[in-house]
Amino acid sequence: MLLIVFIFLDTFGEKLMPVYLVVGGFFGDEGKGSVVGFLALRDKVDICVRGGVGPNAGHTVNYMGQTYKLRQIPSGFIYEKCKLLIGPGVLVNPDVLFEEIEKYHVDPRRIGIDKNAGVIEKEHINREKESSHLKKKIGSTLTGCGQANADRALRILRIAREVERLRQFITDVPEEIWSAIDNNKKILVEGTQGTFLSLYHGFYPYVTSKDVTAGTLCGDVGIGPKDVDEVILVFKVYVTRVGAGPLPGELPEDEIKRRGWEEYGTVTGRLRRAAPFNYELARRAIRLNSASQIAITKLDVIFPKDKGKKSWDELSREAKEFILELERNLGVPITIIRTGPDVYDAIDRRK
Ligand code: GTP
Ligand code: IMP
Ligand code: MG
């Protein structure tokens, strides 16, 4: 009888494979790249698709002794069987894309770029470098994203289907995702930046050039909110920020170093500003993204003896209490806990 029920569910529409969104909960650099890389390998995802702004983002993934720094290719690429897509809402810099393909020996046949994705040209980067507003006041990454999005709003930006160099990659990303959903495939949608760098929800004007919360991430890749099964919001155990703008509870540089919280930007190499974990921002990020799960990164930075732990039972009492306290205060299950730089230094508490 039970078997018949299972066969029925399998055959008639009950969806078995999830669509996951991964979004940043603070100011970017929460470690989304490592979380996406881990999920891609662990769940053997079929598609990893990049939403978000564009190559202003830097994601770092450590896998099999190699460090991959990615600005354009989705972080799930370390799982060799997954397709790597870039959605229509995302900006592409062909130079950065080809550089990553070559450097990391990515099979170009795995990559698909939506025909409507915006294209960053040299002039966008030059315009940003010349802007003291972006350079000095905002602390922009000067990767051309803001200027390209401005041109897109004016409808003068070139899009991927118009660019010869991108021809081999051009596809209809929404169609590919819908077809995968209909065939019960696993899809991981990778966001960039973090909730409080959102053009709408951040500390304007100290923000990036578009909204980067879960709602917009759906639009970036061409799915509606009802296609999403889980929204994983990523928080680091402390908060970092690069560039200008408010950072509540910001610590002085010597204190950041004393605590071992110093980090340098993946794209710009700048020392990141830092502050302790912020509950007020975290709760707001949970609502803004309708988070259904939380991933916590860098637990080992505050509990060094827990470095590299891969199961809940192995964690020290203090670390467990810390996580349970966070979970109680935030009211959302903490399902992924990262304990070290390697992609597999993670605890998976998903049901
Ligand atoms: P996103 O922009 O959110 O993807 O984060 P990021 O990749 O920009 O973060 P960053 O460049 O700071 O890279 C994170 C670094 O920390 C990478 O080398 C990761 O492998 C490493 N890392 C990720 N999670 C952990 C963790 O839990 N503990 C430690 N010690 N390192 C981690
Ligand atoms: P822009 O998007 O390059 O114009 O930068 C605008 C602001 O967002 C600056 O403060 C940048 O430092 C910040 N920013 C943009 N992308 C990232 C990112 O991926 N991680 C962290 N900060 C970012
Ligand atoms: Mg980053």
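Start at 1 and go down the list; that is how both ligands and their atoms are numbered. Computed from a prediction, not measured in an experiment: that's the story for all the values here.
Protein heavy atom closest to atom 18 (O) of ligand 1, with residue, atom name and distance, is N62 ND2, 3.0 Å. With respect to atom 7 (C) of ligand 2, the closest heavy atom belonging to the protein is V207 O, 3.8 Å. The nearest heavy-atom contact from the protein to atom 24 (N) of ligand 1 is R338 NE, 2.9 Å. For atom 5 (O) of ligand 1, the closest non-hydrogen atom of the protein is G31 N, 3.1 Å. What sits closest to atom 27 (O) of ligand 1 on the protein, heavy atoms only, is K298 N, 2.7 Å. Shortest contact from atom 16 (N) of ligand 2 to any protein heavy atom: Q193 NE2, 3.0 Å. Of the protein's non-hydrogen atoms, the one nearest atom 21 (C) of ligand 1 is P341 CA, 3.8 Å. In terms of protein heavy-atom proximity, atom 11 (O) of ligand 1 is nearest to T266 OG1, 2.6 Å. Nearest to atom 28 (N) of ligand 1 among the protein's heavy atoms is D300 OD1, 2.7 Å.
Residues K69 and Y104 have side chains in contact (heavy-atom distance under 4.5 Å, counting atoms from C-beta outward).
Taking any N or O of Y264, backbone or side chain, none lies under 3.5 Å from an N or O belonging to ligand 1. Here's the thing with T60: one of its N/O atoms is less than 3.5 angstrom from an N/O atom of ligand 1. Looking at G33 next to ligand 1, an N or O pair under 3.5 Å apart turns up. Inclusion of V61 in the set of residues having an N or O under 3.5 Å from an N or O of ligand 1 is not warranted.
Not a single heavy atom of Q193 sits less than 4.0 Å from an atom of ligand 1. Assignment of G24 to the shell around ligand 1 is not supported, since no heavy atom sits closer than 4.0 Å. Heavy-atom distances between D29 and ligand 2 reach below 4.0 Å in at least one pair.
Contact atoms of ligand 1 toward K32: 1 (P), 2 (O), 3 (O), 4 (O), 5 (O) (distance under 4.0 Å to a heavy atom of the residue). Residue H59 has at least one heavy-atom neighbour below 4.0 Å for each of these atoms of ligand 1: 1 (P), 2 (O), 4 (O), 7 (O).
Considering V212, N56, L197, T240 only, the shortest heavy-atom separation from atom 14 (N) of ligand 2 involves L197. Around atom 25 (C) of ligand 1, the closest heavy atom drawn from G340, S34, A346, G58 belongs to G340. Counting only non-hydrogen atoms, the option in E263, R272, E30 that gets closest to atom 10 (P) of ligand 1 is R272. Nearest residue to atom 11 (C) of ligand 2 from G243, P205, G139 is G139 (criterion: closest heavy atom).
Of all the heavy atoms of Y206, none lies under 4.0 Å from any atom of ligand 2, so neither backbone nor side chain is involved. Proximity of T192 to ligand 1, defined as any heavy-atom pair under 4.0 Å, is not found for any part of the residue. Residue R270 touches ligand 2 through its side chain alone, judged by heavy-atom distances below 4.0 Å. When non-hydrogen atoms are compared, ligand 2 lies under 4.0 Å from neither the backbone nor the side chain of C145. No part of K236 comes within 4.0 Å of ligand 1, judged by heavy-atom distances.
A donor and an acceptor atom, one from each side chain of N56 and T141, are nowhere located under 3.5 Å apart.
Listed by chain and number, the protein atoms of type N/O/S under 2.8 Å from the Mg ion (ligand 3) are D29 OD1, G58 O; waters are omitted.
The minimum heavy-atom distance between S34 and V343, with the atom names listed, is O-CG2, 3.7 Å.
Under the 4.0 Å criterion applied to side-chain N and carboxylate O atoms, R273 and E250 are assigned as salt-bridge partners.
Rounding to the nearest 0.5 Å gives a distance of 8.5 Å between CD1 of I73 and CZ of R110.
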